[in-house]
Protein chains: 2
Amino acid sequence: MKNTVKLARIKANLTQQQLADKVGITRQTVSLIEKGKYNPSLKLCLQICYAVHAKLDEIFWIEQEEFE
Amino acid sequence: MKNTVKLARIKANLTQQQLADKVGITRQTVSLIEKGKYNPSLKLCLQICYAVHAKLDEIFWIEQEEFE
DNA sequence: TGTACATGTAATTTATATTTTACATTAAGT
DNA sequence: ACTTAATGTAAAATATAAATTACATGTACA
């Protein structure tokens, strides 16, 4: 699950730990999501969006051609 | 997890079963997602988007104020 | 009537996201 | 050198999404 969470997080000036705290998940989960190794739930995606002031498509959209 | 999947599905002229087949999930899962009783994975959200020709924010975005 | 389609939903099982605990690496500051 | 913050990652446990099976309702249509 490729995404731009890392970029958005840095733009929001947050460490993985700070983002994790804001969202209420663990730092490990943030790390794995940024690395594209997880398929996060919609709820989590939305919470990340709120934390970094972005919308879903900015961070999580993947064109169908490059999906999987 | 409120969303507009049902609307988008009907606009795309698909039954729950047809959408389920396109996405590769069961009809029950589609029903439960439409009813907001599931918290679908990002992968599933994207596949639904592709099937109904929409983007994530059109179907799954929830403003923070009305989140949960 | 009766049959088929579309949908809602419940119980159980299975797959997998996420947590927890833990250890490693790198870079910055002392 | 030493410490600390930030990050990557692995193994085992837990939580939960999703599948499976099954049954119920309403509607349209013969």
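To find a chain, count down the sequence lines: A is the first, B the second, and so on, and within it residues start at 1.
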Taking atom [atom1] of [X] and atom [atom2] of [Y], what is their separation to the nearest 0.5 Å?
X: B/Q17; Y: B/T15; atom1: CD; atom2: OG1; result: 6.5 Å
X: B/L32; Y: B/K37; atom1: CG; atom2: NZ; result: 7.0 Å
X: A/R9; Y: A/I33; atom1: CZ; atom2: CD1; result: 11.5 Å

| query | Where each residue is assigned the nucleotide of DNA chain C containing its nearest heavy atom, which of B/E34 and A/R27 is assigned the position nearer the 5′ end? | reply |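 It is B/E34 whose nearest nucleotide is closer to the 5' end.
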
Heavy-atom distance under 4.5 Å between the side chains of [X] and [Y], does that happen here?
X: B/Q64; Y: A/Q47; result: no
X: A/I48; Y: A/C45; result: no
X: B/Y38; Y: A/L42; result: no
X: B/V23; Y: B/L19; result: yes
X: B/F60; Y: B/V5; result: yes
X: A/V52; Y: A/K11; result: no
X: A/K55; Y: A/D57; result: no

Which heavy atom of [X] sits nearest to which heavy atom of [Y], and what is that distance?
X: A/A20; Y: A/R27; value: CB-N, 3.7 Å
X: A/L56; Y: A/C49; value: N-SG, 3.6 Å
X: A/L14; Y: A/K22; value: CD1-CD, 4.1 Å

| Base-contact (B) and sugar-phosphate-only (S) positions in nucleotides 25-30 of chain C, heavy-atom cut-off under 4.0 Å, - elsewhere | ------

| query | CD1 of A/I33 versus C1' of C/dA17: gap in Å, rounded? | reply |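 Rounded to the whole Å, the gap is 9 Å.
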
| Hey, can you pull the residues of residues 6-24 of chain B with a non-hydrogen atom under 4.0 angstrom from DNA chain D? |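 Of all residues in residues 6-24 of chain B, the ones placing a heavy atom under 4.0 Å from DNA chain D are B/G24.
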
| said: Give the residues of residues 48-57 of chain A touching DNA chain D, defined as any heavy atom closer than 4.0 Å, sorted by residue number. | reply: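 Within this stretch, nothing sits under 4.0 Å of the strand.
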
| task | Could you pull out all residues at least two apart from B/F67 that satisfy ring-ring contact (aromatic ring centres under 6.0 Å, His included)? | result |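 ring-ring contact (aromatic ring centres under 6.0 Å, His included) check on B/F67 returns A/Y50.
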
| A/S41 side chain to A/L44 main-chain N or O, any donor-acceptor pair under 3.5 Å? |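 Yes; judged by distance alone, with no hydrogens or angles, the pair exists.
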
So which protein nitrogen or oxygen atoms get under 3.5 Å of nucleotides 10-16 of chain C's nitrogens or oxygens?
none

| Nucleotide range of DNA chain D lying under 4.0 Å from chain B heavy atoms |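 With heavy atoms of chain B under 4.0 Å away, the range is D/dA17 to D/dA22.
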
